[in-house]
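As structure tokens, the structure follows; a few thoughts come after it.
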Amino acid sequence: LGESACRQIIDRYRERGAVELAQARTQAFWDDMLERVVVNTPDQGVNLMMNGWLLYQTIASRFMARAGFYQTGGAIGFRDQLQDCLAIVWTRPEWVREHILLCAAHQFQSGDVQHWWHPPLRGVKTRITDDMLFLPYVVSEYVLRLDDWDMLREQAPYLEDVEIPEGQEDFYGIATVSGESGTLLDHCLRAVRRACRFGKHGLPLMGTGDWNDAMSSIGDEGRGESVWLGFFLYDVLRRMAYLCERMDDKQTAQELDETSQRLRQALNDAGWDGQWYRRAFDDDGNPVGSCVNNDCRIDCISQAWAAISGAGDADKVEMGLRSMEEQLWCEEGQLLRLLAPPFREDESEPGYIKGYVPGVRENGGQYTHGAVWAVWAYVCLNRGDKAVELMRRLMPYWHAKTAEEARRYMVEPYVAVADVYAVPPHVGRGGWTWYTGSAAWMYKITLEKILGLSVYRNQLSIRPCVSPDWKEYDVTYRWGSATYFIHVKNPNGVCVGVVQTLLDGKPLEKPFFTLVDDASEHHVYVTLG
């Protein structure tokens, strides 16, 4: 702001009552934002985080400020804020629509994207491979939730392609808007086709990072393959095949479906290590996340997404999650490590991950982002007992229940933490807070996968996966001007299974119903059994 604009702001707030009015408006804004969904479970800590803190962290720090105490850059991350949209869609779907189109306009003609940018166009192009796939992933979530098929016909421009100079990992500069535009569906398909570059094992190329940016050298020569990215890509392929089918592009739908089936086979053949799924293959074809490795013998997110994506064979998924629990859970710190053992002994150079202290951040600490996905994996196996228990232990309040625990944790006990240390003498110490995508995933998975609320084509379904100890809980959900009071009873102490759903006193044949914006109150009673 210039001096003149600053003086205008000063003069405005010198007026009597101006500060009080601004404070009241701010309070009303956040009340409306955070009270769209209110939960009341048997766990007061879960209630505290779900009724305000997780969504506030996501919106205020990640989406609005794009900054926190540990990151003050202010840039928009392609995958970062798209993932945040998965939680924000519950309270501000119009923001999600707008942000999706903004991200589409930061895609290059070849299908890859700016890893991050400062508005309008100054940013970085990388060889990281998962970024682009979050566009079709989030688009499918939005379109299927709101039944907004016109969204796929919205136009967005492409950026002109620019080559990353030989020997460099990325290119930083001001991008140029090309003269080419395409529908949002075209943008999504271009991203998927760019990601469908496979190596000798039939798995997608890893590039210089595949969500774990710190694994920057496993595939930097262009031959390394990612098992985790294969599971994520399989999920996206299935979603896009369905969208294309609905948009009457049956040829593309069939092409995507056939690709997904070949990928599924490769994941269960080359990706399987005997007792768990591998993490990757490096440029020389050596496995990462394998029993033959001294470092990183097992990685959390491959096991989680084998279940989440539906691509893993059922028996392998169960075995992989058992191995994950046995080898990655740290009882002393009450944390789930991202991988183990940390990169330390092998001569391999997986990237800058090896520069982290062993047991810290991505190098064998808890990376909460990935640990929350493990909660979702337990839900996929109908293990509500394990899902609820793990989610409770991932939430920040769990690490500060006593003064001694709080002194060890050392960070705020009311916001999601990106990482927790797993190395003595700092086991259980929190790392990076506020600016982390784990807050949005924690909110989404608790609300949708554990409490069981899901909106699909403007219909609300309630399919909980909870602890047998949870005998009842309530959720209040505002849809437009209407309010739905949802009461779930679990008299027989089960994890899953809906035996009856009543809407305003009338039984439903199926556990879902169309949401109506009618300025009325509605009462929903769900019985598990």
Side-chain angles (χ1 to χ4, degrees), residues 111 129-130 132-134 136-137 140 188-207 210-212 215 218-219 222-245 249-293 296-324 370 373-374 376-377 380-381:
T129 48
D130 71 307
M132 65 195 93
L133 288 175
F134 278 98
Y137 186 89
S140 69
C188 291
L189 289 173
R190 202 168 290 199
V192 169
R193 287 176 175 135
R194 172 77 178 188
C196 285
R197 298 178 299 166
F198 302 102
K200 68 177 184 179
H201 296 94
L203 301 170
L205 297 179
M206 186 163 183
D210 64 345
W211 176 82
N212 192 334
M215 288 183 169
I218 289 176
R223 300 184 303 277
E225 300 164 86
S226 170
V227 176
W228 174 80
L229 186 65
F231 286 119
F232 186 50
L233 175 58
Y234 175 87
D235 188 292
V236 172
L237 285 166
R238 301 294 294 164
R239 290 166 178 263
M240 289 306 302
Y242 178 71
L243 294 188
C244 288
E245 182 78 26
D249 186 354
K250 292 180 170 43
Q251 181 176 346
T252 301
Q254 183 177 354
E255 169 199 333
L256 298 177
D257 182 64
E258 290 173 353
T259 302
S260 72
Q261 295 311 311
R262 289 194 297 271
L263 177 55
R264 183 179 187 276
Q265 189 66 49
L267 287 163
N268 286 289
D269 290 343
W272 181 245
D273 196 58
Q275 291 183 296
W276 58 80
Y277 285 97
R278 297 173 174 132
R279 179 63 177 81
F281 290 91
D282 67 16
D283 286 314
D284 295 326
N286 302 311
V288 180
S290 166
C291 63
V292 302
N293 301 126
C296 187
R297 297 180 72 249
I298 182 171
D299 189 290
C300 171
I301 64 173
S302 291
Q303 318 318 317
W305 273 85
I308 294 167
S309 67
D313 291 340
D315 57 339
K316 294 175 180 176
V317 167
E318 290 199 31
M319 190 180 301
L321 288 177
R322 283 199 302 271
S323 297
M324 176 195 75
W373 284 340
W376 189 356
C380 293
L381 269 61

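All values reported here derive from a predicted model rather than from experimental measurement.
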State whether the side chain of Asn293 and the backbone N or O of Gly289 hold a donor-acceptor pair below 3.5 Å, judged by distance alone. yes
Can you tell me if Gln275 uses its side chain to pair, donor with acceptor, with the backbone of Ser323 under 3.5 Å? no
A side-chain contact here means heavy atoms from C-beta on lying under 4.5 Å apart; do Arg279 and Asp210 qualify? yes
is_close_aromatic(Trp211, Trp305), centroid dist under 6.0 Å: no
Does Arg264 come within less than 4.0 Å of Asp313, counting only side-chain N to carboxylate O? yes
Closest heavy-atom contact between Ala311 and Asn268? O-ND2, 2.8 Å
So Leu189 and Leu256, do their side chains get closer than 4.5 Å, heavy atoms only? yes
Would the distance check show the side chain of Gln303 and the main-chain N or O of Tyr277 forming a donor-acceptor pair, the cut-off being under 3.5 Å? yes
Shortest non-hydrogen contact from Gly111 toward Met132: O-CB, 3.7 Å
Does the side chain of Ile298 come within less than 4.5 Å of Arg278's, by heavy atoms? no
Looking at every non-hydrogen atom in both residues, tell me the closest pair between Ala266 and Gly202 and how far apart they are. CB-O, 3.6 Å
Determine the minimum heavy-atom distance between Ala307 and Val317, stating which atoms define it. CB-CG1, 3.6 Å
Out of curiosity, Arg297 CZ to Ser290 OG, how far, rounded to the nearest 0.5 Å? 8.0 Å
Does a side-chain heavy-atom distance below 4.5 Å link Phe232 with Tyr137? yes
So CZ of Arg239 and OG of Ser309: to nearest 0.5 Å the spacing works out to 10.5 Å
Is the shortest distance from a Lys or Arg side-chain nitrogen in Arg223 or Asp282 to a carboxylate oxygen in the other one below 4.0 Å? no
Rounded at 0.5 Å granularity, tell me how far CG in Leu203 sits from CH2 in Trp228. 13.5 Å
Does some side-chain heavy atom of Met206 sit less than 4.5 Å from a side-chain heavy atom of Leu229? no
pair Leu237-Cys196: side-chain heavy atoms closer than 4.5 Å: yes
Between Glu255 and Gln251, does any side-chain donor sit less than 3.5 Å from a side-chain acceptor? no
Do you know the tightest heavy-atom contact between Ala195 and Pro204? O-CB, 4.0 Å
Distance (rounded to the nearest 0.5 Å) between Gln254 CD and Thr259 OG1: 10.5 Å
What's the spacing between Ser140 OG and Asp235 CG if we round to 0.5 Å? 7.5 Å
Here the gap from Arg193 atom CZ to Thr252 atom OG1, rounded to the nearest 0.5 Å, amounts to 5.0 Å
Are the side chains of Ser226 and Thr129 in contact, using a 4.5 Å heavy-atom criterion? no
Beyond-backbone contact of Tyr234 with Gln261, side-chain heavy atoms, under 4.5 angstrom: yes
Which pair of heavy atoms, one from Ala253 and one from Ala241, lies closest together, and at what distance? CB-O, 3.4 Å
